[in-house]
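Encoded as structure tokens, the structure appears first; notes follow it.
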Amino acid sequence: MNKENKEFRKRVGQNIKKLREKKGISQFKLAIEVDCTPSTIAGIEAGVNTTLARLYSISKILGIEPYELLK
């Protein structure tokens, strides 16, 4: 895995965490809404790879467009 990919995933995870906290949503509540486990959300926020479908679901729950997670 190259360093740029790892940094990109980490940045996306940080964006999710920041937006989630801004909305006052816990990892547990987000996990329920996305239909996954809280540890999956924690992993995504830490930069673990995920699917586009899951990113789409997360963005809709956070009330944003998917591209905003990628900034």
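In what follows, every heavy atom counts, from backbone to side chain, and hydrogens, waters and symmetry copies are set aside. In this chain, numbering begins with 1 at the start of the sequence shown.
- Here the straight-line distance linking atom CG of Asp35 with atom OG of Ser57 works out to 9.0 Å at 0.5 Å rounding.
- Hydrophobic cluster membership differs between Phe8 and Tyr56, with clusters built from Ile, Leu, Val, Met, Phe, Trp and Tyr side chains linked at under 4.5 angstrom.
- Under a 4.0 Å N-O distance rule, the pair Arg11/Glu7 does not qualify as a salt bridge.
- Nearest heavy-atom pair across Ile44 and Arg54 is CD1-CD, 3.6 Å.
- Considering only heavy atoms from C-beta on, Arg9 comes within 4.5 Å of Asn49 through its side chain.
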Take Ile16 and Leu55 through the side-chain contact (heavy atoms from CB on, under 4.5 Å) test and state the conclusion after the steps. CA-CA 9 Å; Ile16 292 170; Leu55 288 178; 3.8 Å; yes
Which atom pairs, donor and acceptor, lie under 3.5 Å between side-chain atoms of residues 60-71 and protein residues at least two apart or in another chain?
residue : atom : partner : partner atom : Å
Glu68   : OE2  : Glu65   : N            : 3.0

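- Looking at every heavy atom in both residues, Asn2 comes nearest to Asn5 through OD1-N, 2.8 Å.
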Assess the residue pair Glu45 and Gln27 against the criterion (side chain to side chain donor-acceptor pair (under 3.5 Å)); give the C-alpha distance rounded to whole Å, side-chain angles, the decisive distance to 0.1 Å, and a yes or no. CA-CA 10 Å; Glu45 289 182 355; Gln27 285 182 340; 2.7 Å; yes
Evaluation steps, side-chain contact (heavy atoms from CB on, under 4.5 Å), between Ile58 and Thr50: CA-CA 11 Å; Ile58 290 170; Thr50 191; 6.0 Å; no
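- Atom CD1 of Ile25 sits about 8.5 Å away from atom CZ of Arg20, to the nearest 0.5 Å.
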